[in-house]
Amino acid sequence: MVNLLVAAALAAASPVAAPAPAPSDQPAMFVVRDADTTIYIFGTFHALDGRSQWFGNQVRSAFEQSDELVLETLVPERPMPGQLTAPLRAPSVTPSASFLATTRLAISAGRAQGMQVANGADMVLRHVAEAEGKPVEGLETLQLQIDMFNHIPASAAAAPQPRAGQPVESGSMDGLSKAMGDMQAAWKRGDQSVFVRMLGQLQKASPETYRMMFTERNQRWADWIRARMQSPGTVFVAVGAGHLAGPDSLLVRLAERGIPSQRVN
């Protein structure tokens with residue numbers, strides 16, 4: 001969920017009222033296809049409160065029709081006894097203190113809303129796929145993500161400043177908690193506008209962070225999908241909802257490569 005932590009921190013400084021929730025959860029899902037290949041592109045939320053009924057109807061149907069699941073990356077879970085795991089390279093750059101502080105604060109704010117990574121859409125999809133024997137792979141390595149976060153500019157990670165006389169911990173936590181709650185509610189109803197606003201704030205505050213986290217990764221993932229379209233089959237791609245919003249989204253990058261997408265729900 002780190003991709004949108006900085007955006008959430010920025011949005012906490014200027015929250016807006018969320019529209020009334022839809023009667024049922026309908027997170028955004030898109031599809032690209034040709035004569036013999038179908039790729040569903042589902043926008044996930046990496047930590048949820050566990051009260052959402054999102055994995056049903058069209059999402060579940062598309063998932064079950066798919067031959068494989070593709071996530072942003074495969075985060076190693078607890079290894080089985082005797083199982084070897086590939087070592088991760090030590091970071092060449094130490095993450096900024098402000099970024100680490102904001103990350104910890106945002107995680108705490110999410111927990112205050114009852115949000116847990118174990119309930120996140122990515123984790124649920126992965127566990128169901130593994131239980132069904134469906135192949136699971138990642139668009140990028142965990143090492144690549146670690147290296148990216150290690151190079152995030154310090155200026156982008158600063159949490160919003162509280163008002164005069166307001167404790168730093170309380171002000172930052174309350175603002176982030178509300179922003180995280182708004183983001184989760186928007187995701188559940190398939191409302192991309194909240195993510196567009198937050199990404200716009202991130203791009204304005206730190207163009208370099210925006211480029212690293214979203215623009216460049218969306219370009220790489222669009223190339224991956226274009227290459228995958230050359231092989232027949234049905235694939236379920238699940239990436240953070242923020243990657244499907246705004247002018248530099250994965251969907252825009254696919255359109256630039258002659259691959260139009262259509263919203264399924």
Side-chain angles (χ1 to χ4, degrees), residues 1-11 28-30 32 39-46 69-75 86 88-96 98-100 102-103 106 120-122 136-158 183 187 192-230 235-261:
M1 158 153 240
V2 182
N3 292 4
L4 286 175
L5 293 183
V6 177
L10 290 168
M29 182 172 66
F30 302 81
V32 296
I39 299 181
Y40 293 101
I41 306 174
F42 178 62
T44 67
F45 205 77
H46 302 317
L69 169 66
V70 179
L71 303 172
E72 291 185 21
T73 191
L74 296 184
V75 178
L88 294 175
R89 186 174 64 253
S92 57
V93 178
T94 302
S96 68
S98 57
F99 174 73
L100 293 176
T102 299
T103 300
D122 313 73
V136 183
E137 65 175 290
L139 289 167
E140 59 192 19
T141 66
L142 179 59
Q143 184 68 62
L144 187 150
Q145 287 199 352
I146 292 173
D147 291 343
M148 175 185 66
F149 294 133
N150 287 337
H151 287 82
I152 289 176
S155 59
M183 288 169 62
W187 177 82
Q192 299 289 80
S193 64
V194 172
F195 297 99
V196 172
R197 177 176 63 85
M198 291 183 179
L199 290 171
Q201 291 173 333
L202 173 60
Q203 184 179 27
K204 181 178 180 180
S206 179
E208 180 69 6
T209 300
Y210 179 85
R211 178 186 64 80
M212 292 168 56
M213 281 189 166
F214 294 95
T215 305
E216 292 183 349
R217 297 171 78 202
N218 290 342
Q219 290 173 344
R220 291 196 299 268
W221 298 351
D223 287 337
W224 186 96
I225 290 175
R226 178 171 58 182
R228 182 59 183 82
M229 294 286 290
Q230 304 307 309
V235 183
F236 194 97
V237 173
V239 298
H243 291 281
L244 307 184
D248 299 301
S249 73
L250 173 58
L251 305 175
V252 170
R253 296 296 172 243
L254 286 171
E256 292 173 348
R257 289 158 173 76
I259 305 174
S261 59

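Nothing here was measured: the structure is a model prediction, and the numbers come from that model.
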Using side-chain heavy atoms (C-beta onward) and a distance below 4.5 Å, is [X] in contact with [Y]?
X	Y	value
Leu254	Met229	no
Tyr210	Asp248	yes
Val70	Trp224	yes
Ile152	Met213	yes
Val75	Asp122	no

Find the distance between [atom1] ([X]) and [atom2] ([Y]) and round it off to the nearest 0.5 Å.
X	Y	atom1	atom2	answer
Phe236	Ile39	CZ	CD1	12.5 Å
Phe195	Ser249	CZ	OG	13.0 Å
Gln230	Arg228	CD	CZ	10.0 Å

Looking at every heavy atom in both [X] and [Y], which two are closest together, and how far apart are they?
X	Y	value
Ala121	Thr44	CB-CB, 3.8 Å
Leu69	Ala238	CD1-CB, 4.4 Å
Leu199	Gly242	CD1-O, 3.2 Å
Leu244	Leu251	O-CD1, 3.8 Å
Val196	Ala245	CG2-CB, 3.8 Å

Has [X] got a side-chain atom pairing as donor or acceptor with [Y]'s backbone, closer than 3.5 angstrom?
X	Y	result
Thr73	Leu142	yes
Arg197	Ser193	no
Arg226	Ala222	no
Trp221	Glu140	no

Whether the Gln219 and Asp223 side chains hold a donor-acceptor pair (N or O, under 3.5 Å, no angle test) is what I'd like checked.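 Gln219 vs Asp223: no donor-acceptor pair found between side chains.
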
Given the rule in the side-chain contact (heavy atoms from CB on, under 4.5 Å) test, do Arg217 and Gln145 qualify, once you have shown the distances and angles that lead to the verdict? CA-CA 10 Å; Arg217 297 171 78 202; Gln145 287 199 352; 3.1 Å; yes

Run the side-chain contact (heavy atoms from CB on, under 4.5 Å) check on Leu139 and Arg220 step by step: do they pass? CA-CA 9 Å; Leu139 289 167; Arg220 291 196 299 268; over 6 Å; no

side-chain contact (heavy atoms from CB on, under 4.5 Å) between Leu250 and Ile225, worked out: CA-CA 10 Å; Leu250 173 58; Ile225 290 175; 4.1 Å; yes

Who passes ring-ring contact (aromatic ring centres under 6.0 Å, His included) against Tyr40, sequence neighbours left out?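 If we apply the ring-ring contact (aromatic ring centres under 6.0 Å, His included) test to Tyr40, skipping adjacent residues, there are no hits.
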
Tell me, please, which residues at least two apart from Glu137 pass salt bridge (charged side-chain N to carboxylate O under 4.0 Å, His left out).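 By the salt bridge (charged side-chain N to carboxylate O under 4.0 Å, His left out) rule, Glu137 matches no residue at all.
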
Fit a plane to each ring of Trp187 and Phe42, take the angle between them on a 0 to 90° scale, and name the class: parallel (under 30°), tilted (30 to 60°) or perpendicular (over 60°).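 Judged by the thresholds at 30° and 60°, the geometry between Trp187 and Phe42 is perpendicular.
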
